[in-house]
Every structure is written in C-alpha cells, then in structure tokens.
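Source: prediction; values computed, not measured.
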Amino acid sequence: MIIIIHEFSKQIRKRNREKKNERMSSSSSLTQRNPTSSQEQSESVPQLRRQTSQHAAMSQTLTSAANLANLLPTGTLLAFTLLIPVFTSNGSCDYPTRVLTAGLLTLLSISCFLSSFTDSVKAEDGNVYYGFATRKGMWIFDYPDPDGLGLPDLSKYRIRIIDWIHAVLSVLVFGAVALRDKNAVSCFYPAPEQGTKKVLDIVPMGVGVICGLLFLVFPARRHGIGYPVTGDGGRR
C-alpha cells in the first residue's frame, strides 16, 4: 500500500513538472513574438503619420482651390464650367472654335472685372437692390422710386482704390482657374513642350496663391452681383 501511494505521488510530481515546463516554453515563445510585434508597430507608426500628412496636404490643396473659386462671381464661374466644354469641343479645337473660346474667356474676364464694382443695399421695404459703384455713390439698377426715397446713404458706396485692386485680382484668379482647366489648356496648347507644360502647371498655382494672400490682406467688403449678400454692419 505504501509503495502504491509512493508511485502515485511520483506520477503527480512528474505531471506537475511537465505542466511547468509547458508554461515556461509558452511564455518564452510569447516573449520571442512580442519584439517582432512591437517592431512592426514601431514601423507602422511612421507610415501612418506619413499617410496622415499626405491626406492633410491633399485636403488643404482642395480647400485652397475651393476658396480660390469663391473669390469669383458665382454666375461667371458657372458659365465657365458649363460653356468651356462646349466651346472647346472637350479640348479638341480647330481655328474657329479656338477664336470662339478666346472670345468667351475675354467676356468672362470682363464680367469678373465689372462685378467687382457692383454692390447691394437693403432698402426700408426690406428688399435687397443691386447697383454699380460710381465716384459719387452708387447707381441702383432696379429701384422703383427714381428719387431714391427709402435708401440708405449711397455716398459711402462710392468707388475706392481697393475696388480696382479687387477687380484686377479677380481677373488674375479667373485666368488661373482657366489655365487649370484641361479643356481650355488642350484647346490652346494641344501638344505643349516640356518647358511650356511646366509653366502651365506652376504659373496658375503661383498666381492663385499670391492673389489669395492679397485677398486676405485686402478683404472684399462689397456684396455685388454673384457674391453672397450679408448684413450691412461693418461693411464700410
């Protein structure tokens, strides 16, 4: 009986030793795996950071382009978007269509220039009326009373030097937007050389960035045709 008990205790101790060895081997294998996983994590962090920075740069570029388009009159920009594929035959121009496209771009540039001198006022009847700034004030287009009764003081809406700056910048911004359009570029430069292609890629972006900075330095306070209308407070 004592011998049987002794043998049984030996088997129990043997099984305990085997379980202990299995635990030690499993813990050592986990220890060997952890450096690899930590190394993979350390390598993946810079990649995630680079991808995040690339997405942020792309988002910033798209936001800048959208803000640049906001500097133009809505009607002019919409007309350009709709008509330029038709006039250029989706970029496949011959001489007549090239002349027509040049005329369209000229008219739209003039529209951008003149829109910088338009403004809006809110009369006592609650309606918004548009007009054109002059040296003495503003000429209202569609106000029913020829004497101007019910209108605010129009002398504060007269032309200033900042209006001429905005007009020139609007034309430059429109030119940058037009040069970034593939149909317009393909119409006038169907097979550009390498140097010309670089200029067409760099110049519009440079002009757009410089004009955007100048618009920040000299913000527009007029709310004319094609621009959003806001309150009159603090406009002048």
Inset, instruction - Please step through side-chain contact (heavy atoms from CB on, under 4.5 Å) for the pair Val121 and Met138, ending with a clear verdict. - result: CA-CA 10 Å; Val121 295; Met138 187 168 64; 3.2 Å; yes
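- Taken together through direct or relayed side-chain contacts under 4.5 Å among Ile, Leu, Val, Met, Phe, Trp and Tyr, Leu172 and Val199 form part of one hydrophobic cluster.
- Counting only heavy atoms from C-beta outward, the side chains of Thr106 and Ile110 approach each other to under 4.5 Å.
- Heavy atoms only, all atoms of each residue included: Tyr129 and Ile140 are closest at CB-CG2, 3.9 Å.
- Separation of atoms CZ (Phe174) and OG (Ser109) is listed at 4.5 Å; rounding is to 0.5 Å.
- With hydrogens and angles ignored, the 3.5 Å screen pairs no side-chain donor or acceptor of Ser115 with any backbone N or O of Cys112.
- Residues Pro204 and Ala176 come closest through the heavy atom pair O-CB, 3.5 Å.
- For Phe141, the CZ atom is densely surrounded, since the number of other residues' heavy atoms within 6.0 Å is greater than 12.
- With a 4.5 Å cut-off on side-chain heavy atoms, Ile159 and Trp164 count as touching.
- Residue Val217 is grouped with residue Ile162 when hydrophobic side chains (ILVMFWY) are merged at heavy-atom distances under 4.5 angstrom, including chains of intermediate members.
- No chain of hydrophobic side-chain contacts below 4.5 Å, direct or via other Ile, Leu, Val, Met, Phe, Trp or Tyr residues, connects Ile210 to Ile202.
- Side-chain atoms of Val185 and Lys182, non-hydrogen and from C-beta on, never get closer than 4.5 Å to each other.
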Identify every side-chain donor-acceptor pair in residues 78-89 under 3.5 Å, counting partners at least two apart or on other chains, and give the distances.
| from | atom 1 | to | atom 2 | distance (Å) |
| --- | --- | --- | --- | --- |
| Thr81 | OG1 | Leu77 | O | 2.9 |
| Thr88 | OG1 | Ile84 | O | 2.6 |
| Thr88 | OG1 | Gly91 | N | 3.3 |

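- Between the side chain of Arg222 and the backbone N or O of Tyr157 there is at least one donor-acceptor pair closer than 3.5 Å.
- Here the two rings, on Phe215 and His166, have centers that are under 6.0 Å apart.
- Between the Asp181 side chain and the Ala178 main chain, no donor and acceptor come within less than 3.5 Å of each other.
- What you find for Leu200 and Arg180 is that their closest heavy atoms are O-NH1, 4.1 Å.
- For the residue pair Thr97 / Asp94, a side-chain donor-acceptor distance below 3.5 Å is found, with atom types taken as modelled.
- Under a cut-off of 6.0 angstrom, the local environment of CG in Leu216 is crowded, with over 12 non-hydrogen atoms contributed by other residues, nucleotides or ligands.
- Between Cys187 and Arg98, the shortest heavy-atom contact is O-NE, 3.1 Å.
- Linking ILVMFWY side-chain heavy atoms closer than 4.5 Å, directly or via other members, places Phe188 and Leu107 in two distinct hydrophobic clusters.
- Linking Ile, Leu, Val, Met, Phe, Trp and Tyr whenever their side-chain heavy atoms come within less than 4.5 Å leaves Val99 and Leu105 in two separate clusters.
- Pairing each heavy atom of Ala123 with each of Tyr143, the nearest pair is CB-CE1, 3.9 Å.
- Distance check: Leu151 CG to Glu124 CD gives 8.0 Å after rounding to the nearest 0.5 Å.
- Side chain of Arg135 to backbone of Arg158: no donor-acceptor contact under 3.5 angstrom is found.
- Note that CG of Asp119 and NZ of Lys156 are 10.0 Å apart. Values are rounded to the nearest 0.5 Å.
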